[in-house]
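Before any comments, here is the structure.
Just so you know, residue 1 is the first one in the sequence shown, and it goes up from there. Quantities reported herein were computed from a predicted structural model and do not represent experimental measurements.
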Amino acid sequence: MSSRILDDLAGLTRTAGFRLALIYSSFFAASCLALFGLSYVTLSSSLAKSDHDALLTRFWELAGVYQDFGTEGLERAMATQVEQRKRRPVFVQFSTADLRQPVRFLRGQWNDFDLTQLQHLDDAIGEQWLSFPSKSQSGMELEVMSLKLSDGLLLQVGQTTDERQKVLARFRRVMLLMTLVVGVISLPSGYALARRAMRPVRSLIATINKI
């Protein structure tokens with residue numbers, strides 16, 4: 001019995017309908033994968049832009065505080081943020097020509113990142129972006145924007161990409177599940193469509209055989 005079933009399956013794979021269904025299913029699956037890939041790239045780019053815009057907004061907020069209240073105002077603003085805990089931790093560091101070491105807030109929060117490159121930006125001109133990978137969490141980075149203000153103070157503000165990575169990880173899981181569903185559905189659907197498309201050909205062959 002099992003031998004007969006295997007023979008029937010082998011015969012099925014040699015039919016024109018099955019080959020047509022396989023081609024249709026492969027094309028459909030490839031199209032879905034391309035669409036998913038494009039959606040992933042678009043989502044990743046959109047989230048990165050949103051994070052950068054939010055970081056720029058935060059940077060200029062702190063720059064405004066510094067212009068109005070000096071470095072003491074920056075310290076008060078960061079202390080208020082820590083007390084309220086309404087926002088994700090923000091990396092903030094500033095340095096001036098008369099400071100031997102830059103002043104960094106929430107210093108213990110950033111031990112997972114190698115930030116030595118930030119010490120070589122004292123002469124930075126214009127807006128600069130740097131990314132620092134996490135030592136313990138794969139895929140997570142700390143993105144830092146640096147800009148020297150008009151009075152010579154180098155202000156550096158950054159934020160981790162953990163929230164962005166969580167969204168992308170969820171999207172990848174959904175994309176994988178959808179790919180599996182497409183793979184399961186596309187072959188029988190393609191075979192059914194191929195059989196319907198081949199029906200006139202089978203009728204013609206049957207008529208010829210009768211003649």
Side-chain angles (χ1 to χ4, degrees), residues 36-173 175-176:
F36 290 154
L38 179 62
S39 300
Y40 181 83
V41 171
T42 303
L43 176 62
S44 178
S45 176
S46 177
L47 290 175
K49 184 180 184 306
S50 178
D51 284 351
H52 288 182
D53 290 345
L55 198 57
L56 279 171
T57 299
R58 184 61 175 153
F59 177 93
W60 289 113
E61 284 178 359
L62 293 174
V65 170
Y66 168 73
Q67 295 290 346
D68 293 337
F69 305 104
T71 55
E72 293 182 357
L74 280 177
E75 294 176 0
R76 288 196 299 270
M78 296 308 300
T80 301
Q81 175 187 304
V82 173
E83 291 175 0
Q84 294 178 346
R85 296 183 181 276
K86 291 183 178 180
R87 302 189 182 192
R88 293 161 55 195
V90 177
F91 173 88
V92 178
Q93 176 173 289
F94 68 85
S95 59
T96 58
D98 59 336
L99 289 175
R100 293 184 178 181
Q101 293 291 333
V103 177
R104 181 181 302 168
F105 298 100
L106 303 176
R107 184 172 293 272
Q109 291 274 352
W110 319 112
N111 294 333
D112 199 33
F113 305 93
D114 182 9
L115 303 176
T116 53
Q117 286 180 271
L118 290 178
Q119 299 175 5
H120 306 293
L121 293 178
D122 293 344
D123 298 325
I125 299 176
E127 180 182 313
Q128 293 191 18
W129 290 83
L130 289 174
S131 297
F132 303 93
S134 170
K135 299 176 184 177
S136 61
Q137 300 185 45
S138 177
M140 190 178 78
E141 296 180 340
L142 172 66
E143 295 179 332
V144 179
M145 183 262 191
S146 304
L147 181 64
K148 182 173 287 188
L149 303 181
S150 57
D151 64 350
L153 179 130
L154 179 65
L155 180 61
Q156 298 168 311
V157 180
Q159 202 160 43
T160 60
T161 61
D162 54 334
E163 294 297 326
R164 187 196 314 170
Q165 296 303 324
K166 289 177 183 177
V167 174
L168 291 175
R170 287 195 294 268
F171 184 81
R172 286 195 297 270
R173 288 194 293 270
M175 186 168 59
L176 177 60

What's the separation between atom CD in Q137 and atom OG1 in T161, rounded to the nearest 0.5 Å? 9.0 Å

For T42 and L38, indicate whether the former's side chain and the latter's backbone hold a donor-acceptor pair under 3.5 Å. yes

Sub-3.5 Å donor-acceptor pair from the side chain of S131 to the main-chain atoms of E143, do we have one? no

pair L118-F91: side-chain heavy atoms closer than 4.5 Å: yes

Have a look at S146 and tell me which of Q156, Q117, Q93 forms a side chain to side chain donor-acceptor pair (under 3.5 Å) with it. Q156

What's the verdict on side chain to side chain contact (heavy atoms under 4.5 Å, CB included) for V144 and L55, showing C-alpha distance, side-chain angles and the deciding distance? CA-CA 9 Å; V144 179; L55 198 57; over 6 Å; no

Of all residues at least two apart in sequence or in a different chain, which pass the side-chain contact (heavy atoms from CB on, under 4.5 Å) check with K49? D53

Is W110 close to L142 at the side-chain level, that is, under 4.5 Å between some pair of heavy atoms? yes

side-chain contact (heavy atoms from CB on, under 4.5 Å) against F69, all qualifying residues, sequence neighbours excluded: V65, R76

If I take atom CG from residue L43 and atom CZ from residue R170, how far apart are they, to the nearest 0.5 angstrom? 10.0 Å

Residue list, side-chain contact (heavy atoms from CB on, under 4.5 Å) with A169, at least two apart or on another chain: R172, R173

Closest heavy-atom contact between D114 and F132? O-CD2, 3.0 Å

Locate the shortest heavy-atom distance separating Q159 from V90; write the atom from each residue and the value. NE2-CG2, 3.8 Å

Smallest heavy-atom separation, S150 atom then Q67 atom, equals OG-NE2, 4.2 Å

In short, N111 meets K135 closest at the heavy-atom pair O-NZ, 3.8 Å

Nearest 0.5 Å, please: how far is CZ in F59 from CE in M145? 4.5 Å

Heavy-atom side-chain proximity of V157 to F94 below 4.5 angstrom: no

Nearest-0.5 Å distance that lies between atom CE in M140 and atom OG1 in T160: 5.5 Å

Is any side-chain heavy atom of S134 closer than 4.5 Å to one of F113? yes

Please report the closest heavy-atom contact between E127 and L147, naming both atoms and the distance. N-CD1, 3.5 Å

How far does CG of L155 sit from NZ of K148, to the nearest 0.5 angstrom? 12.5 Å

What heavy-atom pair brings D112 and S136 nearest, and what distance separates the two atoms? OD2-OG, 2.9 Å

Contact between V41 and F36 at the side-chain level, heavy atoms closer than 4.5 Å - yes or no? no

Within this structure, what is the CZ-OG distance for the pair R104 and S95, rounded to the nearest 0.5 Å? 10.5 Å

